[in-house]
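So the structure is just underneath, and the comments pick up after that.
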Amino acid sequence: MPELPEVETIVRKLRPDLVGKTITNAKLLWPRTLASPSPKLFKRQIRGQKIEKVSRRAKYLDIKLSDFHLFIHLRMSGDLYIKENKAPLEKHDRLILEFGSIHTTEKKDGSKLVFNDTRKFGRVWLVRDANDVIGGLGPEPLSKTYTAEKLYADLQSRHRQLKPLLLDQSFLAGMGNIYTDEALHIARLHPLTSSDSVNRKHAKLLFDAIQEVLQEGIRRNGASIDWVYRGGEFQNYFRVYGRDGKPCPNCGTVIIRLVVGQRATHICPNCQVKGS
DNA sequence: CACGTCACCTGCGTGC
DNA sequence: TGCACGCAGGTGACGT
């Protein structure tokens with residue numbers, strides 16, 4: 001489920017409940033959820049850590065602790081909840097962080113952060129140096145320092161199909177399958193077009209489209225589809241994603257589904273003409 | 001370097 | 001009803 005707007009939505013929701021909390025205990029229910037360090041070290045290091053800041057980098061939640069960064073990536077099916085400490089374990093809960101005061105043994109009135117992840121693809125890191133996890137990421141698309149001219153130059157520097165390139169997190173960090181299809185449609189670019197054949201004018205259109213879909217996604221609290229419901233509503237405003245067989249909102253042509261780089265891809269064959 | 005394939009997982013919808 | 005199959009918002013390790 002989670003691309004940049006969904007993660008941003010989760011961060012905004014969790015932040016007020018997390019900042020200032022002290023982690024008193026960690027329960028790891030599916031060991032592979034933890035990317036690093038070892039479960040033993042993780043439990044020892046995280047105990048007593050206070051949450052100072054909750055933010056996002058691309059699709060990663062970045063929870064700044066007293067001495068570490070706790071990074072969480074939800075991958076395909078991860079989700080995060082704040083619950084009462086006494087709330088029962090649910091199916092697919094993978095990691096629990098309990099809060100309370102480290103100075104007393106009283107824990108029962110505390111709350112907890114629950115990482116639930118059906119497909120077990122999600123990962124958690126506890127590191128001192130943030131770059132160990134997010135160091136390889138490309139630019140943050142909504143950052144003030146990311147510009148159309150930068151995108152144009154980056155596109156020119158590569159010779160790759162547009163869609164796989166936009167999904168490459170080292171090229172641009174935060175786009176996923178939905179928002180990429182939506183942005184390419186708005187910019188009227190075909191997903192197989194070679195990046196270095198995109199001219200400056202079209203790069204600007206693509207840049208604006210990326211800004212637009214990400215901001216709209218955030219404004220609508222992300223997209224909720226399938227059996228994972230998050231309360232977002234962007235799914236009701238998709239232009240092409242998952243709309244194969246339905247009319248293009250621009251021209252009425254039937255939207256088609258193709259596969260690009262192993263990913264379902266949706267385009268209007270009239271608006272998005274394959275270039276070189 | 002670009003691209004294809006598979007692996008990692010569970011659950012849901014569809015069609016026989 | 002059962003069952004096989006295809007599909008899913010992501011990424012990383014390979015091989016060519």
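In the text below, chain A, chain B and the rest are named by the order of the sequence lines, each starting its count at 1.
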Numerically ordered, the residues 149-163 of chain A set in heavy-atom contact under 4.0 Å with DNA chain C is none
How many whole angstroms separate atom CG of A:Asp168 from atom P of C:dT11?
10 Å
Length of the line joining A:Asp181:CG and C:dG10:P, which is rounded to integer Å:
10 Å
Pairwise N/O distances under 3.5 Å, protein to nucleotides 3-5 of chain C:
none

Is any side-chain nitrogen or oxygen of A:Tyr241 closer than 4.0 Å to OP1 or OP2 of C:dG9?
yes
Which hydrophobic side chains are connected to A:Trp125, either touching it within the sub-4.5 Å cutoff or through other members that do?
A:Tyr60, A:Phe71, A:Val127, A:Val133, A:Ile134, A:Leu137
Any pair counted as ring pair (Phe, Tyr, Trp, His ring centres under 6.0 Å), so long as it reaches residues 154-192 of chain A, sequence neighbours left out
A:Tyr179-A:Phe234
Listed by chain and number, what are the side chain to side chain contact (heavy atoms under 4.5 Å, CB included) partners of A:Leu142, not counting sequence neighbours?
A:Leu4, A:Gln211, A:Leu214, A:Gln215, A:Ile218
A:His73 side chain near C:dT11 phosphate (N/O to OP1/OP2, under 4.0 Å):
yes
Nucleotide B:dT10, atom C1' - distance to CG of A:Asp79 in whole Å:
15 Å
N/O donor to acceptor pairs below 3.5 angstrom from side-chain atoms of residues 29-44 of chain A, sequence neighbours left out:
| from | atom 1 | to | atom 2 | distance (Å) |
| --- | --- | --- | --- | --- |
| A:Thr33 | OG1 | A:Trp30 | O | 3.1 |
| A:Ser38 | OG | A:Leu41 | N | 3.2 |

Side-chain N or O of A:Lys59 less than 4.0 angstrom from OP1 or OP2 on C:dG9?
no
Between A:Asn221 and A:Glu233, a side-chain donor and acceptor under 3.5 Å
no
Once you round it to whole Å, what is the distance between P of B:dC1 and CG of A:Asp196?
15 Å
Using whole Å, what does the distance between atom C1' of nucleotide C:dG9 and atom CG of A:Leu80 come to?
15 Å
Roughly, in whole Å, what's the span from CE in A:Met175 to P in C:dG10?
10 Å
Which residues, ordered by chain and number, are linked to A:Val240 in its hydrophobic cluster, where ILVMFWY side chains connect at heavy-atom gaps below 4.5 Å, directly or through other members?
A:Ile255
Pairwise side-chain hydrogen bond (donor to acceptor under 3.5 Å, both in side chains) hits with a residue in residues 240-251 of chain A, at least two apart:
none
In whole angstroms, how far is the C1' atom of C:dG9 from the NE2 atom of A:His266?
11 Å
Spacing of A:Tyr179 atom OH relative to C:dG9 atom C1', expressed in whole Å
9 Å
Strictly below 4.0 Å, N to O, side chains only: are A:Arg263 and A:Asp181 in salt-bridge contact?
no
Watson-Crick or G-U pairs under 3.5 Å in DNA chain C, rendered as dot-bracket with [ ] for crossing pairs and | for another strand
.|||||||.|||||||
Between A:Glu3 and A:Lys59, does any NZ, NE, NH1 or NH2 come within less than 4.0 Å of an OD or OE carboxylate oxygen?
no
Please tabulate the protein-to-nucleotide N/O contacts below 3.5 Å involving nucleotides 5-8 of chain B, giving atom names and distances.
| from | atom 1 | to | atom 2 | distance (Å) |
| --- | --- | --- | --- | --- |
| B:dT5 | OP2 | A:Gln262 | OE1 | 3.4 |
| B:dC8 | O3' | A:Arg32 | NH1 | 3.4 |

Taking A:Asn116's backbone N and O only, do any of them form a donor-acceptor pair with A:Asp93's side chain (distance below 3.5 Å, no angle check)?
no
For the P atoms, the ones on C:dC14 and on B:dC9, what distance do you get once it is rounded to whole angstrom?
16 Å
Under the ring-ring contact (aromatic ring centres under 6.0 Å, His included) rule, collect the residues that match up with A:Tyr146, sequence neighbours excluded.
A:Phe207
Please answer whether the main-chain N or O of A:Asp67 pairs with a side-chain N or O of A:Gln49 as donor and acceptor at a distance below 3.5 Å.
yes
Rounding to an integer number of angstrom, what distance separates B:dC6 and C:dG6 when you compare their P atoms?
13 Å
Candidates A:Thr193, A:Leu192, A:Asn177 - the one meeting side chain to side chain contact (heavy atoms under 4.5 Å, CB included) with A:Lys163:
A:Asn177
Kindly state each residue pair satisfying side-chain hydrogen bond (donor to acceptor under 3.5 Å, both in side chains) with at least one member in residues 165-175 of chain A, sequence neighbours excluded.
A:Arg160-A:Asp168, A:Asp168-A:Ser170
